[in-house]
Amino acid sequence: MEVYEKVRKYLYENIGHLTTPGTPRFDIKTKTWKVPVLCKTERGILIVGEFALDKDEHFINIPTKQEMLKTVETEVSKLPFLFYGVKRELDDKGIKPVTI
């Protein structure tokens, strides 16, 4: 079975439909496949974990659902967001505007 499809199937059956595998990479030195886990959130798509498979496509490391959820929570809390309002509204809410 192809590495991408194996990880995709695992995610679909065990984690949920908001996750998908990223592009598999083969590490020649360790002879392992590394496959990032992508998660769709309300703030964008984030990398939340990484699978490792040996050269024969057997799982070596599978991130747990709890690990991935913790990563999502941590990463989403770090993301900036846009708030639209006039200067007075921003001042009233204690929001300091920045220019990008």
Side-chain angles (χ1 to χ4, degrees):
M1 180 184 285
E2 184 184 329
V3 171
Y4 178 90
E5 282 302 314
K6 186 168 187 169
V7 174
R8 186 195 64 75
K9 182 178 178 187
Y10 181 91
L11 289 170
Y12 182 78
E13 292 175 354
N14 297 283
I15 306 300
H17 67 281
L18 294 178
T19 58
T20 191
T23 302
R25 301 172 323 278
F26 188 73
D27 185 330
I28 295 172
K29 289 182 182 179
T30 62
K31 295 183 178 17
T32 58
W33 286 97
K34 306 284 178 141
V35 185
V37 178
L38 307 176
C39 181
K40 182 179 178 182
T41 73
E42 71 279 357
R43 306 279 297 281
I45 296 173
L46 303 173
I47 297 173
V48 297
E50 183 176 74
F51 280 77
L53 295 87
D54 65 20
K55 63 181 176 159
D56 298 318
E57 301 180 7
H58 299 112
F59 287 117
I60 298 171
N61 179 58
I62 299 173
T64 66
K65 188 172 190 172
Q66 291 76 20
E67 290 169 339
M68 289 188 271
L69 285 171
K70 179 70 174 167
T71 301
V72 168
E73 291 170 2
T74 302
E75 294 303 314
V76 166
S77 71
K78 295 178 187 177
L79 292 174
F81 59 93
L82 294 175
F83 180 88
Y84 295 98
V86 295
K87 181 162 177 21
R88 190 180 74 209
E89 286 179 294
L90 298 175
D91 291 340
D92 290 347
K93 295 187 184 298
I95 297 172
K96 184 177 177 182
V98 295
T99 304
I100 300 176

Going from [atom1] on [X] to [atom2] on [Y], what distance comes out if it is rounded to the nearest 0.5 angstrom?
| X | Y | atom1 | atom2 | value |
| --- | --- | --- | --- | --- |
| Y10 | K6 | OH | NZ | 11.5 Å |
| R8 | E2 | CZ | CD | 10.0 Å |
| H17 | I15 | NE2 | CD1 | 13.0 Å |
| D92 | E89 | CG | CD | 8.0 Å |
| H58 | L53 | NE2 | CG | 9.5 Å |
| L38 | T20 | CG | OG1 | 6.5 Å |

Checklist entry - Would you say E73's side chain and K70's backbone share a donor-acceptor pair under 3.5 angstrom? => result no
Checklist entry - Do any N or O atoms from the side chain of D54 and from the backbone of D56 form a donor-acceptor pair under 3.5 angstrom? => result yes
Checklist entry - Hey, is E75 close enough to K78 for a salt bridge, meaning N to O under 4.0 Å? => result yes
Hydrophobic cluster membership, [X] vs [Y], 4.5 Å side-chain cutoff:
| X | Y | result |
| --- | --- | --- |
| M68 | F59 | yes |
| V37 | F26 | yes |
| I62 | I60 | no |
| I47 | L79 | no |

Checklist entry - Closest approach of W33 and P24, non-hydrogen atoms and distance? => result CE3-CB, 3.8 Å
Item to check | Partners meeting salt bridge (charged side-chain N to carboxylate O under 4.0 Å, His left out) with K31 (sequence neighbours left out) | outcome: none
Item to check | Side chain to side chain, L11 and F51, heavy atoms closer than 4.5 Å | outcome: yes
Checklist entry - Quick one: side-chain contact (heavy atoms from CB on, under 4.5 Å) partners of T41, sequence neighbours excluded? => result C39, R43, L46, V72, V76
